[in-house]
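Keep in mind the model is a prediction, meaning the values are calculated, not measured.
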Amino acid sequence: MLLLISGSTFQELTCVIFRTFLKKMSRLFQAPPKFHPSEWHVANKMQCASTESQKSSSERMIAESQRLVDEIEKTTQKTQSDVNKKIEQRLEEIKFWRQELDNKLEQIIHETEVLLTFKTRLEKALESCKEPLVIAQKCLLNRQSRVGIDLVHDEVEQELVKEVEVLQGVIALLERTLEQTIEQIRLNRSAKYNLEKDLKDKFTASKIDSYCASLTNNTPDVRYADNAVKIEGNFISPEDWTDFSNINVEKADKQRNNSLSLRAMIDSILSQTANDMHKQYEMVNVAFRNRVKEVRDAKHKLEILLASVMDETALQEKNIAALKKAIADKEGPVKVAQTRLEARNHRPNVELCYDTVQYKLISEVQEITNNIQRLKDTLAQAETELKGLSRRQLSLEEEIQVKANTLYIDEVLCMQMRESVCINNF
């Protein structure tokens, strides 16, 4: 703010200032006061006493300062030495945990690699189950092509159904085990990640503490750091620090132990499933061999029966031919007898006598007629038997064809197809 002063006021103010100046100057040129000699001696003594007192105080201060400097120097050196020891101890702790973590990391990496080979074994075992299952199902489908009485729920079919069930059960078990293995590999890798992260942090902390351990009072790059002693909210306690690494180690041990148990279980499962499949495979093959032998034996018996029926048919045909010839051969005698009777019926008067000749001729005609009828009846029976033999022959031929079809299905289609099955213990 600017003050506005008038001209008259300014002149008055100037005069006041000038008068004040003159008074002060007049005092400067006045003579100094005079003191008494006693005052002079007192003043000197006071100066000496004051000086001695000040000197003693200064000496005490110097001694105290030197003592304080020495004390603080010792304290500082001791504290710095303690800090150096603590840093060395801390480095040893970090080194110990780095070794622990590194060992666990190496173990979990090795265990994961081994478990990956077990995963591959499971995948191969699972893949190897598909072909036997398809072949068993094809065998069941092919055996549906059996016809007639051979379409029977025999031991082979029972064992094939059981084989399908075993294979399906094995596949389901292997799939579940594979899922467990994949999950365990994921857990192992998670533990590995935690160990690696912890190791990385401890490596960084080790480098920092090693740098701190190398610092001395004469190190060129030491400097003041504002707010260096401020403890931020993300600091943790030494116990929490130890617990953190210990938890990572325990988790790695736990997953490694779980992985070891899982590998033992996989070994057992692969061995057991392979044994079960091989056992059932052999059971089916034995059933097939027994069934093929049984069908072949039945077919052979039928072929023997067919041969005997064909032989019997040939004999029966000869018998029929003989019967027909015998009937034809009786035409002459019956004609002769009937011609004689007809001729003797023309004897005149009393000569038309029922004599012995007449009696015998009539008896002869009756006898030959009866015999012809007997031959015809026998011929009819023989022809009926021949038809029966023909039907039996046809039935046997059809049944032999059924057996041949069954043998083709079991021995050629199924058993040869099953030869390609290879059950390995992965």
Side-chain angles (χ1 to χ4, degrees), residues 1-97 201-242 244:
M1 182 181 294
L2 297 175
L3 297 176
L4 300 178
I5 304 173
S6 63
S8 61
T9 304
F10 180 76
Q11 289 177 356
E12 291 175 358
L13 182 60
T14 303
C15 290
V16 171
I17 293 171
F18 183 71
R19 284 195 297 269
T20 304
F21 176 74
L22 289 176
K23 288 179 179 180
K24 289 182 177 181
M25 290 300 293
S26 65
R27 291 194 191 100
L28 290 174
F29 289 102
Q30 289 179 359
K34 298 292 184 178
F35 293 97
H36 192 272
S38 61
E39 291 178 340
W40 179 84
H41 288 291
V42 170
N44 286 335
K45 288 180 179 180
M46 289 180 64
Q47 286 292 338
C48 289
S50 178
T51 299
E52 289 295 329
S53 175
Q54 188 65 49
K55 182 182 176 184
S56 297
S57 177
S58 177
E59 288 175 350
R60 287 194 304 270
M61 188 63 197
I62 290 171
E64 180 65 21
S65 296
Q66 188 61 46
R67 186 193 64 77
L68 182 61
V69 167
D70 292 341
E71 179 186 344
I72 290 176
E73 179 63 21
K74 290 179 181 178
T75 302
T76 302
Q77 289 179 357
K78 182 178 182 300
T79 302
Q80 192 176 67
S81 176
D82 290 341
V83 169
N84 290 337
K85 289 180 180 178
K86 293 297 182 185
I87 291 175
E88 291 298 327
Q89 290 175 358
R90 185 61 172 174
L91 285 171
E92 287 298 319
E93 289 178 357
I94 294 175
K95 180 181 178 182
F96 167 78
W97 280 110
D201 291 345
K202 280 181 172 48
F203 176 75
T204 303
S206 179
K207 286 183 64 177
I208 292 173
D209 282 348
S210 295
Y211 166 74
C212 292
S214 69
L215 293 177
T216 64
N217 297 332
N218 299 321
T219 303
D221 59 347
V222 293
R223 65 191 181 281
Y224 286 107
D226 296 334
N227 297 325
V229 297
K230 183 180 179 181
I231 299 178
E232 300 292 341
N234 56 357
F235 275 79
I236 64 172
S237 66
E239 292 78 12
D240 290 340
W241 178 83
T242 303
F244 180 79

> Can you tell me how far CH2 of Trp40 sits from NZ of Lys45, rounded to the nearest 0.5 angstrom?
Replying inline: 10.5 Å
> Looking at residues at least two apart in the chain, or sitting in another chain, which of them share a side-chain contact (heavy atoms from CB on, under 4.5 Å) with Val69?
Replying inline: none
>> Holding to side-chain contact (heavy atoms from CB on, under 4.5 Å), I want the full list of residues that pass it with Val83, two or more places apart in sequence or in another chain.
In response: Thr79, Ile87
>> Going by the rule salt bridge (Lys or Arg N to Asp or Glu O under 4.0 Å), which residues pair with Arg223 if we only count those two or more places apart in sequence or in a different chain?
In response: none
> Can you pull the side chain to side chain donor-acceptor pair (under 3.5 Å) pairs that have at least one residue in residues 80-95, sequence neighbours excluded?
Replying inline: Lys78-Asp82, Gln80-Asn217, Arg90-Glu93
> Can you name the side chain to side chain donor-acceptor pair (under 3.5 Å) partners of Asp240, sequence neighbours left out?
Replying inline: Ser237
>> So which atom in Leu91 and which in Ser210 form the shortest heavy-atom distance, rounded to 0.1 Å?
In response: CD2-OG, 3.6 Å
> Given the rule in the side-chain contact (heavy atoms from CB on, under 4.5 Å) test, do Asp201 and Phe244 qualify, once you have shown the distances and angles that lead to the verdict?
Replying inline: CA-CA 12 Å; Asp201 291 345; Phe244 180 79; 5.6 Å; no
> Which residue pairs pass the side chain to side chain donor-acceptor pair (under 3.5 Å) test when at least one of the two sits in residues 48-63, sequence neighbours left out?
Replying inline: none
> Partners of Glu239 by salt bridge (Lys or Arg N to Asp or Glu O under 4.0 Å), sequence neighbours excluded?
Replying inline: none
>> According to side chain to side chain donor-acceptor pair (under 3.5 Å), who are the partners of Thr219, at least two apart in sequence or on a separate chain?
In response: Thr216
> Mind checking what makes side-chain contact (heavy atoms from CB on, under 4.5 Å) contact with Ile208, not counting sequence neighbours?
Replying inline: Thr204, Cys212
> Phe203: what forms a side-chain contact (heavy atoms from CB on, under 4.5 Å) with it, not counting sequence neighbours?
Replying inline: Arg98, Lys207
> Taking it one step at a time, do Arg67 and Glu64 satisfy salt bridge (charged side-chain N to carboxylate O under 4.0 Å, His left out)?
Replying inline: CA-CA 5 Å; Arg67 186 193 64 77; Glu64 180 65 21; 2.3 Å; yes
> Which atom pair, heavy atoms only, marks the closest approach of Ile94 to Trp241?
Replying inline: CG1-CZ2, 4.1 Å
